[in-house]
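Report on the structure given below.
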Amino acid sequence: GAVVSQHPSWVICKSGTSVKIECRSLDFQATTMFWYRQFPKQSLMLMATSNEGSKATYEQGVEKDKFLINHASLTLSTLTVTSAHPEDSSFYICSADHRDRGLYGYTFGSGTRLTVV
Amino acid sequence: AQTVTQSQPEMSVQEAETVTLSCTYDTSESDYYLFWYKQPPSRQMILVIRQEAYKQQNATENRFSVNFQKAAKSFSLKISDSQLGDAAMYFCAYRSVQGAQKLVFGQGTRLTINP
């Protein structure tokens, strides 16, 4: 089946530093990748949608300069949290659209728990 | 914009019993997809079941089935013969067929299985 590998699974960083999260589609081409943020006991909040080779589309209220998304290839999308602060601590999840395979579902990465100290 | 509402923050059921999780949605579109996702303590999102709006027949996947009422914009999930491994957060989600094909999630329902 379709697999999305997300790394790292958890990361602790100091305030003011940047952190990069990677999502790779292992056995399919992910034309579109979605990035979500999830606070404890809450639902997934869509942050942005990235399409291979083009700029990401950010949801209202999401700072595009803080959350840099790159989707340079059909198998790799990255989210960089720049100048991280404690309020950026959260669980980040990516999801790939594999409709190119004739399916209409999504495959999710395993998530990254970010803690900013 | 589409919205998805799960009115039950928490539900519990005895092992081997049946439980139904509710989901309603609001849309002006006639064609769309609906999903139920499970998020266990590992936080990995797992697709449970999906439904295409143009199909009248309710989707079924083993012990999981849905009651899709298009006119009422309702999409409930029934879990039969509940097992301890079913304990998780369950999210209902909506996706448009055209345009922005992002998933719109409900608030989630935490399901507890009592042994």
Side-chain angles (χ1 to χ4, degrees), chain A residues 1-10 21 23 30-51 54 56-62 69 77 90-115, chain B residues 1-11 21 23 25 29 31-55 59 61 64 66 87-112:
Chain A
V3 177
V4 172
S5 176
Q6 183 171 348
H7 293 281
S9 55
W10 60 270
I21 301 170
C23 276
T31 308
T32 304
M33 193 77 80
F34 302 90
W35 287 92
Y36 296 87
R37 183 173 181 176
Q38 186 180 29
F39 291 104
K41 299 184 179 182
Q42 293 189 21
S43 187
L44 281 70
M45 181 189 78
L46 181 66
M47 299 174 64
T49 302
S50 72
N51 292 291
S54 62
T57 301
Y58 291 81
E59 296 297 303
Q60 191 172 8
V62 177
I69 291 172
S77 179
S90 189
F91 191 69
Y92 294 89
I93 309 174
C94 65
S95 174
D97 181 354
H98 48 83
R99 65 178 182 271
D100 292 342
R101 299 180 73 194
L103 302 173
Y104 52 83
Y106 300 82
T107 298
F108 287 81
S110 54
T112 297
R113 182 181 302 280
L114 170 64
T115 302
Chain B
Q2 295 80 24
T3 59
V4 177
T5 302
Q6 293 177 249
S7 59
Q8 306 156 315
E10 297 182 353
M11 291 282 285
L21 307 184
C23 172
Y25 58 94
E29 300 174 332
D31 200 12
Y32 45 87
Y33 304 123
L34 295 167
F35 305 85
W36 277 98
Y37 281 92
K38 169 185 178 181
Q39 189 179 42
S42 67
R43 303 191 77 170
Q44 173 72 59
M45 294 289 284
I46 302 167
L47 176 65
V48 175
I49 200 166
R50 57 193 174 199
Q51 175 83 41
E52 294 154 293
Y54 70 86
K55 289 186 176 179
E61 289 287 343
F64 299 88
V66 297
M89 279 290 288
Y90 285 82
F91 293 100
C92 179
Y94 173 105
R95 170 184 166 170
S96 299
V97 172
Q98 303 293 334
Q101 297 174 339
K102 58 187 178 183
L103 283 174
V104 178
F105 286 95
Q107 303 91 325
T109 296
R110 179 171 300 281
L111 178 64
T112 301

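These figures come from a predicted structure and were not determined experimentally. Order of the sequence lines sets the chain letters (A, B, ...), proteins ahead of strands, with each chain counted from 1. When reading the values below, keep in mind they use all heavy atoms of this one structure, side chains included, and skip hydrogens, waters and symmetry mates.
At a 4.5 Å heavy-atom cutoff, B:Gln6 makes no contact with chain A through either its backbone or its side chain. Of the two parts of A:Leu44, the backbone and the side chain both hold a non-hydrogen atom closer than 4.5 Å to a non-hydrogen atom of chain B. Contact of A:Gln38 with chain B is made through backbone and side chain together, with heavy-atom distances under 4.5 Å.
B:Arg43 and A:Ile93 make their closest contact through O-CD1, 4.5 Å (heavy atoms, listed as atom of the first residue, atom of the second, distance).
For B:Glu61, the salt bridge (Lys or Arg N to Asp or Glu O under 4.0 Å) criterion is met by no residue, not counting sequence neighbours. Evaluation of the side chain to side chain donor-acceptor pair (under 3.5 Å) rule for A:Thr115 yields no partner, not counting sequence neighbours.
With hydrogens and angles ignored, the 3.5 Å screen pairs no side-chain donor or acceptor of A:Ser43 with any backbone N or O of B:Gly108.
Note: A:Lys41 NZ to B:Glu10 CD = 7.5 Å, rounded to the nearest 0.5 Å. Distance OH/A:Tyr106 to CG/B:Leu103: 4.5 Å, rounded to 0.5 Å.
For chain A, the option among B:Gln107, B:Arg110, B:Met89 with the highest count of heavy-atom pairs below 4.5 Å is B:Gln107.
Here the options are B:Phe91, B:Tyr37, B:Phe35, the test is ring-ring contact (aromatic ring centres under 6.0 Å, His included), and the partner is A:Phe108; only B:Tyr37 passes.
The side-chain heavy atoms of B:Arg95 and A:Asp97, taken from C-beta on, include a pair separated by under 4.5 Å.
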